[in-house]
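Step one of this worksheet: look at the structure below.
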Amino acid sequence: MTEIDYDLSIRQYLDDGAAILSGVSDSPRLDAELLMGMVLRRPRSFLHAWPERVLDREEAQQYEQLLRRRFSGEPIAYMTGVREFWSMPLRVGPAVLIPRPDTELLVELALRRLPEDQDLRVLDLGTGSGAVALAIARERPRAAVIGLDISQAALELARDNARLLKIGNVEFRESDWFDAVRGEKFDVVAGNPPYVAEDDPHLGRGDARFEPRLALDAGAGGMNCFRAIMERAHNYIVRQGWLLLEHGPAQHMPLRRLMEAQHYHDITLHKDAAGRDRVTECRFVE
Ligand code: GLN
């Protein structure tokens, strides 16, 4: 990365920053703005209102340091500590997967199975930052939502998020899949478990390099967690209740077979906006 000049305006630093990050980020301009916002402790709107404001030396040095970190691949969400999901600012950190916009499809589909006027119980498997559990809890104030994760550090973040967002109808428990809900039943079980194949080159690129391996890698074919979940899920779903799982574009058929083997009905594939297979849902009948 080239050196950055001093005594420039916000506008000039943003132009330089965006140019520097263009090779390493899909959103170089936005990244530069977020980093500048961190330095000045101001929202992005301030940068647009005062583009001619000149940075002092200390601010310029801080900005340069942040640009360097981003340039070497550090995810922007870990640097700012925040990522928006379902229009909620969520706290995130290296202990959790950065919530993806893709996962809003899982939330949307789960909400379809949750009528607003009923007191339903919902389970989120592998909740991480709490994104899915919190979005559902916010949209369905009458629902009682439980988010499970095996990572203590993830649960701390998820609980912080619930507190900061003042969402009260959600609870987070440390759990190896269903261990912490033994004997309980849910109307809807949703999950975005790890499903990346252990040899997928995707793990060595972009943000994934910095994310917890535990939240992404699901062994050969990326099916290990789905197998573990499908072996047990039927014990935790009410009759006629729904199970919805986000998965990779090539995993619908193997997941469907696991669902069929456990006698689920109404197995339905949902594609994302780009036409890729993304979520499969099914209904527990017996
Ligand atoms: N969609 C994520 C990715 O591509 C994977 C999420 C997961 O394994 N649950 O990085």
Side-chain angles (χ1 to χ4, degrees), residues 1-103 128-131 151-154 156-158 160-161 164 192 194 196 198-217:
M1 197 180 108
T2 52
E3 296 283 310
I4 222 156
D5 290 328
Y6 289 113
D7 301 324
L8 302 181
S9 66
I10 288 178
R11 185 207 311 277
Q12 288 164 313
Y13 280 118
L14 289 178
D15 288 346
D16 283 2
I20 287 168
L21 298 181
S22 60
V24 296
S25 168
D26 295 334
S27 52
R29 179 99 206 163
L30 175 64
D31 290 6
E33 290 181 3
L34 291 168
L35 299 179
M36 180 67 77
M38 279 173 74
V39 171
L40 301 179
R41 297 193 180 79
R42 300 281 194 164
R44 280 168 58 223
S45 54
F46 175 88
L47 312 178
H48 300 139
W50 307 102
E52 305 307 335
R53 147 98 142 80
V54 173
L55 265 62
D56 66 30
R57 189 162 266 265
E58 198 182 322
E59 291 167 338
Q61 281 169 346
Q62 273 181 34
Y63 178 65
E64 183 177 4
Q65 270 176 15
L66 291 174
L67 277 181
R68 283 188 188 285
R69 283 167 59 192
R70 181 65 187 125
F71 185 74
S72 65
E74 196 169 331
I76 195 87
Y78 289 163
M79 298 179 69
T80 62
V82 196
R83 169 55 52 99
E84 187 140 317
F85 181 81
W86 201 263
S87 302
M88 306 179 293
L90 288 184
R91 288 196 53 200
V92 295
V96 296
L97 191 81
I98 300 165
R100 317 279 201 254
D102 309 33
T103 302
S129 62
S151 153
Q152 195 49 252
E156 269 171 41
L157 265 178
D160 280 352
N161 280 322
L164 292 167
N192 172 21
V196 180
E198 61 192 355
D199 56 356
D200 190 326
H202 169 71
L203 290 172
R205 288 199 288 257
D207 287 359
R209 287 170 297 171
F210 291 79
E211 292 181 302
R213 189 87 184 192
L214 181 71
L216 288 165
D217 183 345

I'd like to check the side-chain contact (heavy atoms from CB on, under 4.5 Å) partners of Gln65; sequence neighbours left out, ordered by chain and number. none
Measuring from Asn192:CG to Leu97:CG, what's the distance to the nearest 0.5 Å? 6.5 Å
Stepwise, does the side chain to side chain contact (heavy atoms under 4.5 Å, CB included) test hold for Val82 with Val92? CA-CA 5 Å; Val82 196; Val92 295; 5.8 Å; no
With rounding to the nearest 0.5 angstrom, report the CD to CG distance, Glu211 to Leu216. 5.5 Å
Residues that Glu198 engages under salt bridge (Lys or Arg N to Asp or Glu O under 4.0 Å), provided they are two or more places apart: none
For the student: nearest non-hydrogen atoms of Ala158 and Gly128, plus distance: CB-O, 3.6 Å
Could you go through the side chain to side chain contact (heavy atoms under 4.5 Å, CB included) check for Leu55 and Leu8 one step at a time? CA-CA 6 Å; Leu55 265 62; Leu8 302 181; over 6 Å; no
By side-chain contact (heavy atoms from CB on, under 4.5 Å), Pro101 pairs with (sequence neighbours left out) none
Smallest separation among heavy atoms of Pro99 and Leu90, with atom names: CG-CD1, 4.0 Å
Could you list the donor-acceptor pairs under 3.5 angstrom formed by side chains in residues 26-40, with sequence neighbours left out?
unit_1, atom_1, unit_2, atom_2, d
Ser27, OG, Asp31, OD1, 3.1
Arg29, NH1, Asp15, OD1, 2.7
Asp31, OD2, Ser25, OG, 2.7
Asp31, OD2, Arg70, NE, 2.8
Asp31, OD2, Arg70, NH2, 3.2
Glu33, OE1, Arg44, NE, 2.8
Glu33, OE1, Arg44, NH2, 3.2
Glu33, OE2, His48, NE2, 3.2

For the OH atom of Tyr78 and the CD1 atom of Ile98, what is their distance to the nearest 0.5 Å? 4.5 Å
Considering residues at least two apart in sequence or located in another chain, which fulfil the salt bridge (Lys or Arg N to Asp or Glu O under 4.0 Å) criterion with Asp217? Arg213
What pairs with Glu58 under salt bridge (Lys or Arg N to Asp or Glu O under 4.0 Å), at least two apart in sequence or on another chain? none
Looking only at heavy atoms, the pair that brings Pro94 and Pro212 closest together is O-CD, 3.4 Å
Closest approach of Arg53 to Phe46 (non-hydrogen atoms, all atoms of both residues): NE-CZ, 4.4 Å
Got a second to check how far Ser72's OG is from Phe210's CZ, nearest 0.5 Å? 5.5 Å
Just by modelled atom types, is the Ser129 backbone N or O under 3.5 Å from a matching donor or acceptor in the Asn161 side chain? yes
For Leu203, does its backbone N or O pair with a side-chain atom of Asp200 as donor and acceptor, under 3.5 Å? no
Quick one: pull up NE2 in His202 and CZ in Arg209 and give me the separation to the nearest 0.5 Å. 11.5 Å
Looking at Glu84 and Ser87, what are the two nearest heavy atoms and their distance? OE2-CA, 3.8 Å
Are the aromatic rings of Tyr13 and Tyr63 close, with centres under 6.0 Å apart? yes
Rounded distance (nearest 0.5 Å) linking atom CD of Gln62 with atom CZ of Arg57: 13.5 Å
Test: Arg91 and Glu156 ion pair at under 4.0 Å: no
Please check if atom CG in Leu214 has more than 12 non-hydrogen atoms from other residues, nucleotides or ligands closer than 6.0 Å. no
